[in-house]
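Letters go in sequence order (proteins before strands), and every chain restarts at 1.
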2 protein chains.
Amino acid sequence: MVTPKSIPQYKRLYEILRKHISDGVYMEGDLLPSENELCKLYGMTRPTVRQSLSTLANEGYIKKRQGKGSIVNHFPREIGILSVSGTTSAVGDRKLKTKIIAKPVLMQWPADFMFTLTDLEKESGCIYMERVRFLDDVPIFYDISYIANINLPRITARQFENRSLFQILRDYYRIEIKGGDQRIKAIPATAKISRYLHLKREQPVLHLERKMETNNPDLFLYSSIFCNTEKYSIFGRF
Amino acid sequence: MVTPKSIPQYKRLYEILRKHISDGVYMEGDLLPSENELCKLYGMTRPTVRQSLSTLANEGYIKKRQGKGSIVNHFPREIGILSVSGTTSAVGDRKLKTKIIAKPVLMQWPADFMFTLTDLEKESGCIYMERVRFLDDVPIFYDISYIANINLPRITARQFENRSLFQILRDYYRIEIKGGDQRIKAIPATAKISRYLHLKREQPVLHLERKMETNNPDLFLYSSIFCNTEKYSIFGRF
DNA sequence: TAATTTAACTTGTATTTACAAGTAAACTAT
DNA sequence: ATAGTTTACTTGTAAATACAAGTTAAATTA
């Protein structure tokens, strides 16, 4: 049988379980239904179910134990694709705000760009924007984003306030982030950074340089992120 | 047929390909042999080969493209389980040195430990040590490690100079790191940190707090790592 | 010659089947 | 009562098979 919307079965189950974990249907430490139970519940075979579970395990949502089952992990809140763990209890969705510092404009790539670019990217020019993101009305991230201008009509005209860049790329252009790599440094705040993040000059900030891969093999997203880590930490699994 | 050393076939192929990539047999951008070719070469079926490849892909060694093949990624050098990308050309193995600041001792866990501990861990006490790691004779990492004293006889007597902690755990106790999570912050260097990393006081350093999971479900490794990121960056995939 | 189609690759998804190995609770013999 | 064994679960590994879908280059056609 063919699935109606041509979305793979293993991905369907993955999304369902992922949502259940985020929503708290399964709590930290709980056991997921066994693989055979999931087979019966969703009418799949075990290899298919296992594919869903191994994706969840790779992303850190669950931990598998032979002879026991799939155990749900705690998982911190995500902002964009950055995970943040606060010293305060929980980070609620509604406490999150985004402010545009520099509206998206089409321009040439900087001469000394942080990653090496393909010829196609160089020719296309880049869409540039700057944003600050707030948690509990405290500025936490100062993001500078660069996107190659490849198949993104009218993007500079979109409304970016209070909507994630990733959300716009997904909704209007069917672009999804598949992965990427990043470099992390600790640097002293420059005048600009300290102004946007409400910090004293020379105070340590986290600097992330990331290159993100998408489902379009020619299109990459780049960002340079400056992060105030006084109250919150960047959280990651490896 | 049963493999002689009871190591799974997919893991065998994974190790072979991983080594070939690290050794430069396959260079960045190269295509790996196709799945069907690997089947014939190593006498496995495609699901088994695919399991090896998907592990490699998850760890960032390769990138898979439907219709094309498995493309080898660049991959930075690893120190312990930290990846480092230098501003200078390449980081050679022989330029790496470790110095013990505080020899491993058995003691009580600190009162305000950075992660929550199980009862078993609390009862067992912890093995504590401090090390500084050098790259090109420049101190880069100041590591403080904590290990629960669970099934690790005579560990405080081992020679840790110029040998990785992970290597000793693997060779003598069959303990392997399976994954873990970490928190990352930028902090100003304290007197102690600046002394060990040859930095001025208050200069930004990267602070990593990590909890590592092992093949023994009761045993975790903890470390607090302070990192000089002036010349090198911490590198990661996501 | 140039554009199009086809064919021969590649990886992606999915089923079915079988047995190995780890875990935990129920059971049994001491 | 307790120590050891069995049993009924769980996930782990592996094979054989089939077709879908993306990519590329050769073959065909205009």
Taking only the side-chain nitrogens and oxygens of Gln9(B), find out if one of them lies under 4.0 Å from OP1 or OP2 of dA15(D).
yes
Using OP1 and OP2 only, check whether a side-chain N or O of Thr48(A) sits under 4.0 Å from dT15(C).
yes
Min side-chain heavy-atom separation Pro33(A)-Tyr26(A) under 4.5 Å
yes
Looking only at dT11(C), dT13(D), dT13(C), the nucleotide nearest the Glu35(B) side chain is dT11(C)
Looking at residues at least two apart in the chain, or sitting in another chain, which of them share a side-chain contact (heavy atoms from CB on, under 4.5 Å) with Thr48(B)?
Gln9(B), Tyr10(B), Met44(B), Thr45(B)
Does NZ or CZ of Arg154(A) come closer than 6.0 Å to the centre of the six-membered ring of Tyr172(A), within 45° of the ring's axis?
no
State, with a plain yes or no, whether a side-chain heavy atom of Tyr222(B) is found less than 4.5 Å away from one of Leu117(B).
yes
Given atom OH of Tyr42(A) and atom P of dA14(C), what is their separation to the nearest angstrom?
16 Å
Side chain of Tyr10(A) only, please: which of dT13(C), dT11(C), dT16(C) is the nearest?
dT13(C)
Just how far, in rounded Å, is C1' of dG12(D) from CG of Asn36(A)?
13 Å
Verdict with reasoning, Asp181(B) to Lys211(B), per salt bridge (charged side-chain N to carboxylate O under 4.0 Å, His left out)
CA-CA 6 Å; Asp181(B) 41 39; Lys211(B) 175 179 183 172; over 6 Å; no
Scan nucleotides 18-23 of chain C against the protein and return all N/O pairs shorter than 3.5 Å with their distances rounded to 0.1 Å.
| from | atom 1 | to | atom 2 | distance (Å) |
| --- | --- | --- | --- | --- |
| dA21(C) | N3 | Gln66(A) | NE2 | 3.3 |
| dG22(C) | N2 | Gly67(A) | O | 3.2 |
| dT23(C) | O4' | Gly67(A) | O | 3.4 |

Out of dT10(C), dT10(D), dA14(C), minimum distance to the side chain of Thr45(A) belongs to dA14(C)
Pairs meeting criterion salt bridge (Lys or Arg N to Asp or Glu O under 4.0 Å) with involvement of residues 107-128 of chain B, two or more places apart
none
State which of dT11(C), dT11(D), dT10(C) makes the closest approach to the side chain of Ser70(B).
dT11(C)
Round to the nearest Å and state the distance from Met44(A) atom CE to dT16(C) atom C1'.
16 Å
Reckon Gln51(A) has a side-chain N or O less than 4.0 Å from the OP1 or OP2 of dT13(C)?
yes
